[in-house]
Amino acid sequence: MKILVPIKRVVDFNVKVRVKPDGSGVDTANVKMSMNPFDEIAVEEAVRLKERGVATEVVAVSCGVAACQETLRTALAIGADRAILVQADGELEPLAVAKLVAAVAKKEAPQLVILGKQAIDDDANQVGQMVAALLDWPQATFASKVEVAGGKATVKREVDGGLETVELELPAVITTDLRLNEPRYATLPNIMKAKKKPLETLDPAGLGVDVSPRLSTLKVAEPPARKGGGKVADVAELVAKLRNEAKVLP
Amino acid sequence: MILVLAEHDHASIKSATHHAVTAAAKLGGPVHVLVAGHDAAGAAKGAASIAGVAKVLHADAPHLASPTAENLAAQVLAVAPSGYTHLVAPATGQGKNVMPRVAAKLDVAQVSEITAVVSADTFVRPIYAGNAFATVRSGDRVKVLTVRGTAFDAAAGGGAAPVEAVPVAPAVTRGAVVTGQELTKSERPELVGARIVISGGRGLGSGENYRKLLEPLADRLNAALGASRAAVDAGYVPNDYQVGQTGKIVAPELYIAVGISGAIQHLAGMKDSKVIVAINKDAEAPIFQIADYGLVGDLFEILPALTAALPAR
Ligand SMILES: Cc1cc2nc3c(=O)[nH]c(=O)nc-3n(C[C@H](O)[C@H](O)[C@H](O)COP(=O)(O)OP(=O)(O)OC[C@H]3O[C@@H](n4cnc5c(N)ncnc54)[C@H](O)[C@@H]3O)c2cc1C
Ligand SMILES: Nc1ncnc2c1ncn2[C@@H]1O[C@H](COP(=O)(O)O)[C@@H](O)[C@H]1O
């Protein structure tokens with residue numbers, strides 16, 4: 001069984017981004033880039049399924065600029081077997097990424113596509129669901145536990161009121177939540193090995209996908225700053241202020 | 001015409017729907033609400049009473065009892081062609097699960113978690129954990145939107161829209177099948193929409209401490225309880241308590257952060273609260289930069305004192 005894992009190269013989660021002075025976007029020059037944290041979890045889960053003998057091959061795919069190769073190498077170092085870069089220079093919206101991933105899935109015929117639930121840059125939370133729709137496959141988003149056996153995946157998903165268990169007939173799409181697993185660190189020997197693993201480059205036209213944007217960004221702005229920093233000395237002062245100044249307590 | 005996918009528990013309509021209706025009303029055009037469920041006449045009636053709703057579409061079938069994304073999307077797609085320009089859902093777990101499927105099937109973009117409507121085709125949405133807000137215009141013929149509830153007031157009640165039964169889309173054959181649910185039971189207000197929220201972080205040290213220290217305070221304030229991801233990861237509380245970029249977004253009148261450092265991913269979920277109180281022993285903790293009232297000290301001393309200083313309800 002083959003697993004396809006789409007991964008995105010994003011601004012590292014520890015970086016506090018700045019909006020460009022002209023409001024055209026966010027400044028990503030000279031900023032640390034990493035694999036989207038949810039996608040690390042997706043790669044880890046796929047590799048564990050392989051280690052458990054459920055999967056036979058893990059293929060990582062990333063859509064974007066040439067530098068996504070680095071991110072793909074990280075996936076290979078965690079344990080993916082090979083990688084595909086769908087190289088595209090402009091900004092890719094979730095729908096375009098979903099079409100590219102669906103096209104790669106048609107070519108590769110995996111039994112599972114495991115994605116992150118959300119990219120922490122666009123915070124869209126769309127691609128997995130869109131891939132499932134485009135392929136007409138069942139989906140389990142926000143997974144916190146995955147078991148695969150007998151042509152089925154059983155997934156615990158995080159819902160607003162707690163947890164829900166769903167069964168999916170394979171092939172299917174799963175998106176990861178934070179608690180699914182804790183990704184391993186790539187060891188130096190594995191990082192070296194990853195350099196020799198195959199990395200293929202495709203392009204949107206070759207996959208027959210039109211990636212032209214549907215949205216135009218008119219401006220990007222910082223949120224209004226919150227003026228915090230107020231301190232109180234003790235509980236009595238806190239309660240008094242909440243009552244008399246903030247008026248949030250009776 | 002605008003279609004809002006209702007959030008409900010079959011018997012009644014959830015407040016997330018009221019917030020989404022307010023956003024929908026700003027798009028221009030009559031607002032219809034789709035209630036897809038099973039034995040959901042109560043929810044349909046609830047939707048009909050939301051002010052500003054022109055019509056309720058009610059699809060009722062056993063396979064919509066624990067609706068999957070596949071079946072809900074199919075139901076939305078079944079009614080969508082009747083002239084809707086916008087398909088809207090609250091950005092809840094359900095809305096996030098379903099709407100991208102709808103958008104992909106229609107070959108249109110989705111605009112996620114809008115926080116403002118500029119015009120019928122232009123919306124504001126947060127990116128990078130709310131550290132920036134993008135104004136985006138959609139060129140698609142149908143706009144698929146999810147709505148961040150905290151950014152729009154709840155629509156009032158008092159409406160009396162007609163309820164129309166609509167044909168049920170057949171159950172999707174290759175879809176997920178729900179086989180179980182473990183829902184967190186609580187007598188407290190729901191986290192999203194509560195007037196007061198108290199959240200605990202890693203500083204609490206254990207689930208036992210969390211319950212012992214935060215529950216009595218929550219009782220006195222009739223508050224909902226939340227948590228940081230670290231507290232959830234450490235197993236102090238269930239996952240549905242998580243507030244933040246990848247958890248729930250809340251904006252109560254009063255948010256009390258206890259033993260939470262204030263990572264940007266946590267702030268993303270609560271910094272629009274009206275009044276923020278932070279209790280932390282580290283005076284340098286970033287949470288203090290956004291708190292209106294910071295109290296530096298040991299939570300194990302402060303919390304019992306704070307609870308004692310408030311009248312029992
Ligand atoms: C992709 C991604 C998504 C994430 N999404 C979220 C999210 O949605 N929500 C979220 O919360 N986090 C999220 N995080 C995690 C986030 O980065 C932080 O790790 C997390 O918020 C830290 O939780 P915390 O403040 O409870 O723990 P810590 O950062 O460990 O802080 C504990 C605090 O408790 C204080 N403390 C300790 N003992 C006491 C005491 N006795 N009295 C008073 N104070 C005390 C300490 O001074 C410290 O400030 C995400 C991370 C990633 C990578
Ligand atoms: N450019 C991309 N290349 C590969 N995978 C992506 C890309 N963008 C998003 N994804 C996948 O889709 C998930 C959800 O992204 P989003 O819908 O943009 O929040 C991510 O966690 C990735 O698994």
Side-chain angles (χ1 to χ4, degrees), chain A residues 11 13 16-17 19 26 93-95 98 117-118 120-126 129-130 132-134 136-142 144 158-169 178-179 214-223 226 228-232 235-236 238-239 241-242 246 248, chain B residues 69-70 73 92-93 96-97 100-101 103-105 108-110 112 122 126-140 174-184 229 233 238-240 246 253-254 264 271 275-277 288-296 302 305-306 309-310:
Chain A
V11 171
F13 82 97
K16 186 168 188 305
V17 296
V19 170
V26 157
E93 291 174 0
L95 180 63
K117 82 162 174 181
Q118 172 173 342
I120 61 163
D121 50 0
D122 65 16
D123 282 334
N125 197 332
Q126 298 178 11
Q129 299 87 315
M130 287 181 158
L134 295 172
D136 258 317
W137 290 3
Q139 75 183 49
T141 50
F142 324 147
S144 65
E158 302 198 353
V159 296
D160 287 341
L163 292 168
E164 177 181 274
T165 308
V166 294
E167 266 181 25
L168 312 172
E169 220 177 277
L178 290 170
R179 272 160 295 281
R214 306 300 186 80
L215 305 173
S216 46
T217 300
L218 307 184
K219 81 168 186 221
V220 174
E222 305 234 344
R226 195 183 167 99
K231 291 262 166 67
V232 290
V235 166
L238 175 62
V239 173
K241 287 250 164 93
L242 290 177
V248 288
Chain B
E70 293 84 345
T92 52
K96 291 174 181 174
N97 197 26
R101 264 193 101 97
K105 289 279 189 194
V108 301
Q110 170 177 302
S112 297
T122 306
I127 53 177
Y128 291 92
N131 284 307
F133 282 78
T135 304
V136 296
R137 179 189 291 149
S138 162
D140 284 322
R174 268 192 45 73
V177 178
V178 178
T179 56
Q181 274 179 334
E182 295 161 46
L183 299 184
T184 309
R229 175 187 168 196
D233 274 353
N239 60 276
D240 51 306
T246 56
E253 280 183 40
L254 174 60
I264 49 174
K271 69 178 175 202
V275 175
I276 296 173
V277 170
F288 286 125
Q289 288 164 22
I290 63 143
D292 302 282
Y293 303 108
L295 183 45
V296 180
I302 293 170
L306 178 57
L310 297 168

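Below, all heavy atoms of this structure are taken into account, side chains as well, without hydrogens, waters or symmetry copies.
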State, yes or no, whether a side-chain contact exists between [X] and [Y] at a heavy-atom distance under 4.5 Å.
| X | Y | result |
| --- | --- | --- |
| A:Asp136 | B:Arg174 | no |
| A:Glu169 | B:Val177 | no |
| B:Asp233 | A:Arg179 | yes |
| B:Gln181 | A:Val159 | no |

Taking side chain as everything from C-beta outward and backbone as N, CA, C, O, which of these in [X] sits under 4.5 Å from a heavy atom of chain A? Side chain, backbone, both or neither.
| X | answer |
| --- | --- |
| B:Ala176 | both |
| B:Gln289 | backbone |
| B:Ile302 | both |

So which of [options] has the biggest tally of heavy-atom pairs under 4.5 Å with chain A?
| options | answer |
| --- | --- |
| B:Val108, B:Thr135, B:Thr92 | B:Thr135 |
| B:Val136, B:Leu254, B:Thr179 | B:Thr179 |
| B:Ile127, B:Ile276, B:Leu295 | B:Leu295 |
| B:Leu310, B:Leu306, B:Ile264 | B:Leu306 |
| B:Thr122, B:Leu183, B:Asn97, B:Val275 | B:Asn97 |

Check: [X] side chain, [Y] main-chain N or O, donor-acceptor pair, under 3.5 Å:
| X | Y | value |
| --- | --- | --- |
| A:Lys231 | B:Val296 | no |
| A:Lys117 | B:Thr246 | yes |
| A:Arg214 | B:Asp140 | no |
| A:Gln139 | B:Glu70 | no |
| A:Gln126 | B:Gln110 | yes |
| B:Asn131 | A:Val17 | no |

Please find the pair of heavy atoms, one from [X] and one from [Y], that lie closest to each other, and give the distance.
| X | Y | value |
| --- | --- | --- |
| B:Ala103 | A:Met130 | CB-CE, 3.8 Å |
| B:Gly93 | A:Phe142 | O-CE1, 3.8 Å |
| B:Gly175 | A:Pro138 | C-CB, 3.7 Å |

| Between A:Thr141, A:Thr217, A:Asp122, A:Val232, which has the largest tally of heavy atom pairs under 4.5 Å with chain B? |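 That would be A:Val232.
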
*Using a distance-only test with no angle check, is there a side-chain donor-acceptor pair under 3.5 angstrom linking A:Asn125 and B:Ser112?*
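No, B:Ser112 and A:Asn125 have no side-chain donor paired with an acceptor closer than 3.5 Å.
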
Heavy-atom cut-off 4.5 Å, strictly under: side chain, backbone, both or neither for [X] against chain B?
| X | value |
| --- | --- |
| A:Ala140 | neither |
| A:Leu238 | side chain |
| A:Leu95 | side chain |
| A:Ala98 | neither |
| A:Val19 | side chain |
| A:Pro223 | both |

